[in-house]
Number of protein chains: 2
Amino acid sequence: MNLHPFFYAKNIAIVGVSTTPSKVGHVIFKNFQDNKFHGNVYPVNPRETYILETPCYKNILKIKAKLDLVIIAIPAPFVLTTLKQCAKKNVHHVVLVTAGFSEVGNTTLENQVKNYANKHNIKIIGPNCLGVYNGYTKLDSLFLPRYKLQRPDTGPISFITQSGAVGSALMDVAAAEGIGFAKFISYGNAMNVDEADILEYLGKDKDTKIICMYLETAKHGRKFLEIAKKIKKPIIALKGGRTMAGNKAALSHTASLAGSALIYKGVFRQANIIQADDPQDVFAYAQILQKCPKPKGKNVAIITDGGGYGILCTDEIEEYGLHTAELSQETEKLLKTQLPSLASIHNPIDLVGDATTKRYQDAMEACMSDKNVDIILIALLLQVPRLTDDIVGVITTYSKKKKPIVCVATGAEYTKVLSRRLHENGVAIYQYPRLAVKSIKKLVEFYD
Amino acid sequence: MNLHPFFYAKNIAIVGVSTTPSKVGHVIFKNFQDNKFHGNVYPVNPRETYILETPCYKNILKIKAKLDLVIIAIPAPFVLTTLKQCAKKNVHHVVLVTAGFSEVGNTTLENQVKNYANKHNIKIIGPNCLGVYNGYTKLDSLFLPRYKLQRPDTGPISFITQSGAVGSALMDVAAAEGIGFAKFISYGNAMNVDEADILEYLGKDKDTKIICMYLETAKHGRKFLEIAKKIKKPIIALKGGRTMAGNKAALSHTASLAGSALIYKGVFRQANIIQADDPQDVFAYAQILQKCPKPKGKNVAIITDGGGYGILCTDEIEEYGLHTAELSQETEKLLKTQLPSLASIHNPIDLVGDATTKRYQDAMEACMSDKNVDIILIALLLQVPRLTDDIVGVITTYSKKKKPIVCVATGAEYTKVLSRRLHENGVAIYQYPRLAVKSIKKLVEFYD
């Protein structure tokens, strides 16, 4: 299925651009303007001649240019009329943000629109959705104002979401946390473009390295499984309706019968999809898969300057079924010559409270050379007095080597500034031990 | 045990104040200066006459004033000499930050110091610790520079920690997240003041409403249990060494044999101590216990403007053994008259994407009156266009009523600003559904 114009259209009409700033069509049009979108955008509203100082069109047939994409934001009863104009103007790609179709029981109208679209070979994303976003072209149909919903920088993650709310909240988080997005698709009721079609497209998309999704159900389970199995990029899926009660709640949402949790666990396993259970997990898992190389095994060495943190990390490693590496005799012998007597040279390696960057460097070097170590977990307490900020450069250097390095750093401003720098340098970093270790577990499972 | 002078001393000597800014004694003294501590602080160093423009003393016997507290930051071999001077000067409270005692096998020296202290009735916090902090008096022996470790505002939480690293990292987080601290104690090897003594003191301390702790082991298990059982304030304990591997790692840390995870689970249950497993959980649990009233039961009503978030919350509620409330017929009937037809009037109540503050108010009012609802969980997607920031005032008002209200809000700047305001208004608020629901679970268990 050719979904390309949804993300790369040059000429776009927006149908239903009101002069009222809080109205959906207005917000979408204003976002295009504020975004400095490189193509042409034509507002359509039969009752206006100018909107935001731009000429407004009575309907899309009045627009002379060939249209690559039409975004429809008018009430459900009027959608079919606009769709007929699309057919007439040879438009084959429509984003239909309008709600009020099958998700509220209006199945007849949805089927009418769908049948017409199928007959005229019009691909529709929606209805009942936020639509599409391309971080590179700045094509953006999301009707949420930018001061409330920030847009993230460009980057390797694309996000497919059945729920506009979940997707947009996480997109907002991505913007705050420096998680780069390529494409974002909120597909709503999946009238004739479903999550599997979008997944297939992103599987081949060169800007997309990691695919994140929120879904309650796959519209066509078998098709979804077959497509997902073929994609070698990491796919992380947050599943809504994992429980009986959640499943029941999903029934009344986006008109979908959410499949049973057990079936999905099986499908995800077959397709090597990484399941996330909480929104917090999604980018945690994406980050480690984006930044870390394949680990040889699941033996983790911990390096820390805070003994208690070493213990908490050890607990998590055992609880998540990973192993704390048993350091080789050579490593321990070497560390004994390098580290002060107060330090612990066994795993977890404790560099103690007067740790310096040099001690971290020695410990990382030793673990990198130790065959018993597959993964290095650094529990970095940046509050200690003698640790200097060149630690950022040293960890960055070792993170480019052959073993996965994962950091934990808990703290306020100073810690956050250095953590952000590590993140931007491509180091996988987490605020708390549990999320770090859960993410390591997913990294190991993905390559297992 | 009278621990009062550790927190309210007026005349304090710091032994071992070097002129080198990164040295422990210097950092402590400088913190007292920068803090604008209201009492008198006397730096002691036999080789200096002035430090940071303050007269320096050869030893504590040279100080004329009566001393309430002595903070010792000199190498372990010289500690006993200073302690003898303390006895001579009738000092009964010492914070001993120095490391290099039993935690590195130097048990003989530790016992010497301990026996001397006991004989002369000197109470020692430490050795191998950060010492004490009182948010109200600004007494602060923490040798971590303030630009690396922020100090939180004053507030109802006191924190006891066996590990300086874990405690200080969380104190730093508290400062960033607006979590108010009364007292903080890092007690290290617990020479003759242990976690149970401190717990007992905080149990009676009027500024402390909630006690948080990190511990690997209780020095005297039975004593700890008996004291904890008598305290009616919520106690939240992060336990290091919950697993076999973690336990083993704890052996070499603060000289303690960490008790088995199972024993601790039992002790915690008997004393109604709330167990946290990850540092992230500690203030999450503290917050809900600080802000929410006792719930009547475990039936949770969800109110949201994002259907997907309603489903994710429902999943978590079921997974954590709580119940999604079945709304009464009256409630559903009332909501049907108030909410638009697109909304869902069953639990989870979905106010949909064009939700307003008024809709939230109607839904909260209905749930507050519904006997089937014990707890209200608001999954607040603040990104939607029509929701205005008066939502903060409305939720705040309802949070003062008789049922616990807990919020989830995921997002970037705009969401964070409003979330912070809700937090400061006393509303329990979380960034992600899982942490919110885990916290509700602990609230229910605490009062069960």
Side-chain angles (χ1 to χ4, degrees), chain A residues 22 27 99-100 104 143-145 147-150 163-166 168-169 172-173 175-176 214 216 240-246 249-250 252-253 278-280 306-312 314-315 318-319 324 341-342 344 348 353 381-386 410-415 432-434, chain B residues 22 27 99-100 104 143-145 147-150 163-166 168-169 172-173 175-176 214 216 240-246 249-250 252-253 278-280 306-312 314-315 318-319 324 341-342 344 348 353 381-386 410-415 432-434:
Chain A
S22 68
V27 174
V104 292
F143 55 87
L144 301 170
Y147 73 94
K148 286 183 173 181
L149 175 74
Q150 294 178 24
S163 155
V166 174
S168 56
D172 204 20
V173 165
Y214 170 77
E216 287 149 21
R242 302 186 302 277
T243 61
M244 289 281 283
S252 62
H253 188 233
D278 187 51
Q280 187 177 25
Y309 255 74
I311 294 166
L312 289 172
T314 304
D315 280 332
E318 180 156 325
E319 282 185 354
T324 44
S341 63
L342 289 177
S344 167
L381 278 305
L382 286 162
Q383 289 87 357
V384 296
R386 295 183 63 206
T410 306
E413 263 334 281
Y414 181 79
T415 295
Y432 296 105
R434 170 153 298 176
Chain B
S22 69
V27 175
V104 291
F143 55 88
L144 301 170
Y147 73 95
K148 286 184 172 181
L149 175 74
Q150 295 178 23
S163 155
V166 175
S168 55
D172 204 22
V173 166
Y214 170 79
E216 286 148 22
R242 301 185 304 276
T243 61
M244 290 281 282
S252 62
H253 188 234
D278 187 52
Q280 187 178 26
Y309 254 73
I311 293 166
L312 289 171
T314 304
D315 280 331
E318 181 155 323
E319 282 185 355
T324 43
S341 62
L342 289 177
S344 166
L381 279 303
L382 286 161
Q383 289 87 356
V384 297
R386 295 182 64 207
T410 306
E413 262 336 280
Y414 181 79
T415 295
Y432 295 105
R434 170 153 297 175

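Per chain, numbering begins at 1; letters A, B, ... match sequence-line order.
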Among Ala176(B), Gly100(B), Ala412(B), Ala165(B), which residue forms the greatest number of heavy-atom pairs with chain A at distances under 4.5 Å? Ala412(B)
Taking every heavy-atom pair that is under 4.5 Å apart, which of Asp315(A), Asp172(A), Asp278(A) has the most such pairs with chain B? Asp315(A)
Taking the side chain as C-beta and beyond, is there a heavy-atom pair between Pro385(B) and Leu144(A) under 4.5 Å? yes
Quick one: does any side-chain atom of Lys148(B) pair with a main-chain N or O of Val384(A) as donor and acceptor, under 3.5 Å? yes
Option that, when pairs with chain A are counted at under 4.5 Å, heavy atom only, ranks first among Ser168(B), Gly310(B), Pro433(B): Pro433(B)
Closest non-hydrogen atom pair between Gly241(A) and Ile311(B), with its separation: N-CG2, 3.2 Å
Tell me if a side-chain donor or acceptor on Gln383(A) pairs with a main-chain N or O of Leu149(B) at a distance below 3.5 Å. no
Would Glu319(A) and Arg242(B) count as a salt bridge (charged side-chain N to carboxylate O under 4.0 Å, His left out) here? Give the steps. CA-CA 9 Å; Glu319(A) 282 185 354; Arg242(B) 301 185 304 276; 3.3 Å; yes
Atom of Ala249(A), atom of Thr314(B) and distance for their closest heavy-atom approach: CB-OG1, 4.2 Å
Given a strict heavy-atom distance threshold of 4.5 Å, which part of Thr324(A) is in contact with chain B: side chain, backbone, both, or neither? side chain
From Thr243(A) atom OG1 to Leu312(B) atom CG, the distance as rounded to the nearest 0.5 Å: 10.0 Å
Greatest number of non-hydrogen atom pairs under 4.5 angstrom with chain B, of Glu318(A), Arg434(A), Glu413(A), Gln150(A), falls to Glu318(A)
Check Tyr147(B) against Tyr414(A) and note the closest heavy-atom contact, atom names and distance. O-CB, 3.3 Å
Toward chain A, the part of Leu381(B) with a non-hydrogen atom under 4.5 Å: side chain
Give me the atom names and distance for the closest heavy-atom approach of Glu216(A) to Gly308(B). OE2-CA, 3.8 Å
